[in-house]
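Just below is one structure, and these are the notes that go with it.
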Amino acid sequence: MQTIERAKLIRAALAAREYAYAPYSRFAVGAALLGKSGRIYTGCNVECASYAPTSCAERTALCKAVSEGERSFAAIAVVGARTDGPDDETVTSPCGVCRQMLYEFCDQAMPVIMAKSETQYVERSLGELLPLGFGPEKVR
Ligand code: THU
């Protein structure tokens, strides 16, 4: 992935994080998912007083995209930070549920960019994050 494209995706994830609704965990997450059409779908985490229904930023972005007709994706950027104190330098990586949802629609080679800033990031393929995943081809 080109540096300029990656930077744009990270900026979109950082902007989306501003909308995070995370009064319980006080951990704000933003995601930006690049559709193969070229469109970027953003998402933030949305929590709930009954904690379980919480939607992670990645799934918010993915559901927005799929519900608007896009089902093929080229990359995703994820950024997370505490809202109640100093942040650390470690990146936020997608939770297991989000990895599984991404696996439903994305190639194993798809880059997952886990970033702190445009220049500070860790990049892995989806297949590296979910090796030997259970995919849709198994049950189609
Ligand atoms: N969270 C995300 O939005 N994405 C992740 O990849 C990890 C966790 C959210 C869920 C919850 O609102 C908060 O971060 C703390 O777990």
Side-chain angles (χ1 to χ4, degrees):
M1 153 163 252
Q2 285 186 326
T3 309
I4 190 155
E5 219 181 8
R6 185 188 297 107
K8 189 176 168 193
L9 212 54
I10 293 171
R11 274 201 304 279
L14 287 166
R17 192 176 67 190
E18 293 297 312
Y19 297 118
Y21 177 71
Y24 309 109
S25 72
R26 298 188 178 87
F27 191 78
V29 186
L33 182 61
L34 176 62
K36 286 195 178 165
S37 68
R39 205 176 140 185
I40 292 174
Y41 302 85
T42 58
C44 63
N45 53 333
V46 183
E47 298 185 346
C48 179
S50 172
Y51 301 159
T54 291
S55 179
C56 290
E58 299 89 323
R59 274 178 291 137
T60 305
L62 186 63
C63 289
K64 279 173 69 179
V66 173
S67 65
E68 290 179 28
E70 182 116 35
R71 291 186 181 174
S72 302
F73 303 99
I76 188 169
V78 185
V79 296
R82 301 180 65 101
T83 61
D84 64 348
D87 194 32
D88 64 22
E89 289 304 300
T90 60
V91 296
T92 296
S93 71
C95 79
V97 174
C98 290
R99 291 176 197 208
Q100 186 69 46
M101 276 297 281
L102 289 168
Y103 203 83
E104 186 72 25
F105 294 99
C106 309
D107 301 334
Q108 295 200 32
M110 187 188 80
V112 179
I113 303 150
M114 298 158 276
K116 293 309 279 184
S117 70
E118 283 177 42
T119 52
Q120 253 183 300
Y121 60 85
V122 174
E123 188 171 313
R124 296 284 184 274
S125 69
L126 181 60
E128 285 177 291
L129 295 185
L130 190 63
L132 300 175
F134 182 83
E137 68 288 343
K138 207 75 184 149
V139 279
R140 267 195 186 124

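In listed order, ligands and their atoms are each counted from 1. All values derive from a computational prediction rather than experimental measurement.
Ligand 1 has Thr54 within reach: a non-hydrogen atom of the residue lies less than 4.0 Å from it. Heavy-atom separations between Pro94 and ligand 1 include at least one value shorter than 4.0 Å. Proximity of Ser93 to ligand 1 is established by a heavy-atom distance of less than 4.0 Å.
The distance criterion of under 3.5 Å between nitrogen or oxygen atoms is not met by Ser55 with respect to ligand 1. Considering backbone and side-chain atoms alike, Ala57 places an N or O below 3.5 Å from some N or O of ligand 1.
Close approach of ligand 1 to Glu47 (heavy-atom distance below 4.0 Å) involves ligand atoms 11 (C), 12 (O), 13 (C). Listed by number with element, the atoms of ligand 1 under 4.0 angstrom from any heavy atom of Val29 are 1 (N), 2 (C), 3 (O), 4 (N), 9 (C), 14 (O). Atoms of ligand 1 found under 4.0 Å from any heavy atom of Cys95, numbered from 1 in the order shown, are 6 (O).
With Met114, Arg17, Glu58 as candidates, the residue nearest to atom 4 (N) of ligand 1 on a non-hydrogen basis is Glu58.
The local environment of CZ in Phe27 is crowded, with over 12 non-hydrogen atoms from other residues, nucleotides or ligands closer than 6.0 Å. Around the CD atom of Glu68, the shell of radius 6.0 Å holds more than 12 heavy atoms that belong to other residues, nucleotides or ligands.
Taking the charged nitrogens against the carboxylate oxygens, Arg82 and Asp88 have no contact shorter than 4.0 Å, which rules out a salt bridge.
With a 4.0 Å cut-off on non-hydrogen atoms, Cys98 does not touch ligand 1 at all.
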